[in-house]
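Lettering of chains follows the sequences in order, A, B, ..., and the numbering in each one begins at 1.
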There are 2 protein chains.
Amino acid sequence: MTKKPARAEKSAPRTRIQREKREEILQAGLTVFAAEGFRGATLDRIAAEAGLSKPNLLYYYPSKEAIHETLLERLLATWLDPLRALDPAGDPVEEILAYVGRKLDMSRDFPRESRLFANEILRGAPRIEPVLKGDLKSLVDTKSKVIRDWIAAGRIAPVDPYHLIFSIWALTQHYADFDVQVRAVLDAADPYPGAEAFLDGLYRRLLSP
Amino acid sequence: MTKKPARAEKSAPRTRIQREKREEILQAGLTVFAAEGFRGATLDRIAAEAGLSKPNLLYYYPSKEAIHETLLERLLATWLDPLRALDPAGDPVEEILAYVGRKLDMSRDFPRESRLFANEILRGAPRIEPVLKGDLKSLVDTKSKVIRDWIAAGRIAPVDPYHLIFSIWALTQHYADFDVQVRAVLDAADPYPGAEAFLDGLYRRLLSP
DNA sequence: TCGTGATTTGACCAATCGGTCAAAGTGACG
DNA sequence: CGTCACTTTGACCGATTGGTCAAATCACGA
């Protein structure tokens, strides 16, 4: 029996080079997928971005889909963390404001991830619909209950918890996804300081009982 | 001199059939571009959606780009109308609430248009950047001035007018662009009644002096 | 240093893409 | 009812795409 040449596909990377190259490919893929969408991205562009030849890239990942899938999995693993961190035991207004702040930080620090997600949702979420209806929905249900309790206790003003959460998603992700538009209107200034102040004021006013 | 067979390209349509087919193609193109993005859309899919053969489609529009361009032009011609209608002479809070209402109606009634726009912005607005930095920016500048005056007159609470407008865009368009996610979380219920109530309450609370 | 598995690449392939073209079909009007 | 412009289509083309493969090269432990 001859040992197969063991392509770097499946399973955990075994060598240092595999670990490094795999990571570089994911970074390149994230850049290209975020900018062009799944169908708009080409293996040649991803390979070029990663400084590899196309066959070499396919040595580390078996297909374009595999790269995309890995990126989405990795994203979803942390995408909901800011909401998970909403603490039922904390001060309601400050907890929600802190959540807004974390989400806005993510838009500023990880705009490619935000656009990757936006692209996927815009296309009807073909690859992550189960997650939306599963983990995402149950997390939002849980946190909505927390918010409803805060309202019932008179600790924040009465608002629909679901639409409150949607509003936080919309407002914070807008600065990453519609960045070009925001910068065009603001004449290329960094929008984030202003956005933070605005959102802080908005939710403070909306929620204070 | 032989008269050329006059392709149905350039210039205004001359016959009834041209008018009808051109419109059907635009509708098909809007559906496909909104769902798949520019690069993801194929002429075959647009042609199928319009019930035409590919060469027949290309008899009416010279290229895929031409269809996309026409759709964007047509969209931009009305996209800013809701903001243009903001009346400096009206009651400030009611004017802004009416603007929010108009934008939310557009998300509900024209989700394909919203997604077409979102796709274009996500990709860096390669075809409409001049419009963003031109017409859009100057319109927003104008209306921001109006809002600033309202604030100076003490008729609404002090907020950054630019981020206020961004927030209206983000919140309303979110319901069209991220429709799948919203419906997944709300368990397929129609989100619009709830959204309207939420946004009404939000901006009333934010803006009342 | 040497062999063996890990890595890299040039050449290649089938499928799909946007687009062309010549020829065939259709309809409205004199 | 004939005709001529308008409309439709099947066959085709070159370019690009995702992906394969065999051979060449590299790196590292014994």
Side-chain angles (χ1 to χ4, degrees), chain A residues 1-26 28-29 32-33 35-71 123 126-127, chain B residues 1-26 28-29 32-33 35-71 123 126-127:
Chain A
M1 279 296 229
T2 52
K3 260 190 185 172
K4 282 172 192 167
R7 280 200 199 174
E9 299 166 15
K10 294 278 176 184
S11 82
R14 300 261 165 235
T15 74
R16 173 186 50 92
I17 291 187
Q18 275 185 36
R19 227 176 304 121
E20 290 172 1
K21 293 290 168 77
R22 287 252 231 168
E23 183 56 33
E24 283 166 32
I25 290 169
L26 285 183
V32 178
F33 283 132
E36 319 274 359
F38 180 75
R39 298 211 48 185
T42 69
L43 286 178
D44 288 288
R45 250 183 69 63
I46 299 175
E49 189 79 23
L52 269 62
S53 67
K54 186 167 59 174
N56 198 7
L57 181 151
L58 286 163
Y59 170 74
Y60 290 103
Y61 283 94
S63 69
K64 179 176 158 181
E65 271 241 13
I67 303 174
H68 193 245
E69 212 179 292
T70 305
L71 282 169
R123 254 143 221 77
R127 280 166 242 263
Chain B
M1 282 292 234
T2 50
K3 259 189 185 171
K4 281 172 193 167
R7 279 201 198 172
E9 299 168 15
K10 293 280 175 185
S11 82
R14 301 260 166 238
T15 75
R16 173 185 51 92
I17 290 186
Q18 276 186 35
R19 227 176 304 120
E20 291 172 3
K21 293 291 170 74
R22 287 253 230 167
E23 183 56 33
E24 284 167 31
I25 289 169
L26 286 183
V32 178
F33 282 132
E36 319 274 359
F38 179 75
R39 299 212 48 187
T42 71
L43 286 179
D44 288 285
R45 250 183 71 64
I46 299 174
E49 188 80 23
L52 270 62
S53 67
K54 186 167 61 174
N56 197 8
L57 181 152
L58 286 164
Y59 170 74
Y60 291 103
Y61 283 93
S63 69
K64 179 176 159 182
E65 270 241 13
I67 303 174
H68 192 246
E69 209 179 294
T70 305
L71 282 169
R123 251 143 223 82
R127 281 166 242 263

For the base of C:dG19, is there a side-chain donor-acceptor partner from B:K64 under 3.5 Å away? no
Could you tell me the separation between the CD1 atom of A:I25 and the C1' atom of C:dT8, rounded to a whole number of Å? 12 Å
For A:K54, report the nucleic acid contact type (base, sugar-phosphate, nothing); a contact means any heavy atom under 4.0 Å. base
Whole-Å distance, A:L43 CG to D:dG18 P, equals 4 Å
Side chain of B:D44 only, please: which of C:dG18, D:dG18, C:dA11 is the nearest? C:dG18
Rounded to whole Å, please give me the gap between CD in B:Q18 and C1' in D:dT8. 13 Å
Note: for A:L57 and A:R39 on DNA chain C, the residue whose nearest nucleotide lies more 5' is A:L57
Gap between atoms CG and P, on B:N56 and C:dC21 respectively (whole Å): 17 Å
Look at all strands and tell whether B:A47 reaches a base, only sugar-phosphate, or nothing, counting heavy atoms closer than 4.0 Å. nothing
Residue A:Y60, side-chain heavy atoms: nucleotide from C:dT8, C:dG19, D:dG18 that is nearest: C:dT8
Roughly, in whole Å, what's the span from NZ in B:K21 to C1' in D:dT7? 8 Å
Steps toward side chain to side chain contact (heavy atoms under 4.5 Å, CB included) verdict (B:L52, B:Y60): CA-CA 11 Å; B:L52 270 62; B:Y60 291 103; 4.3 Å; yes
d(CG, A:L58; C1', C:dT7) in whole Å: 14 Å
Are any non-hydrogen side-chain atoms of A:E23 and A:E20 less than 4.5 angstrom apart? no
Considering every strand and a 4.0 Å limit on heavy-atom distances, what is the contact class for B:A66: base, sugar-phosphate, or nothing? nothing
Roughly, in whole Å, what's the span from OH in A:Y59 to P in C:dA6? 6 Å
Does a side-chain heavy-atom distance below 4.5 Å link A:F33 with A:I46? yes
Strictly below 4.0 Å, N to O, side chains only: are B:E36 and B:R45 in salt-bridge contact? yes
For the NZ atom of B:K21 and the CG atom of B:L26, what is their distance to the nearest 0.5 Å? 14.0 Å
d(CD, A:E20; C1', C:dA6) in whole Å: 14 Å
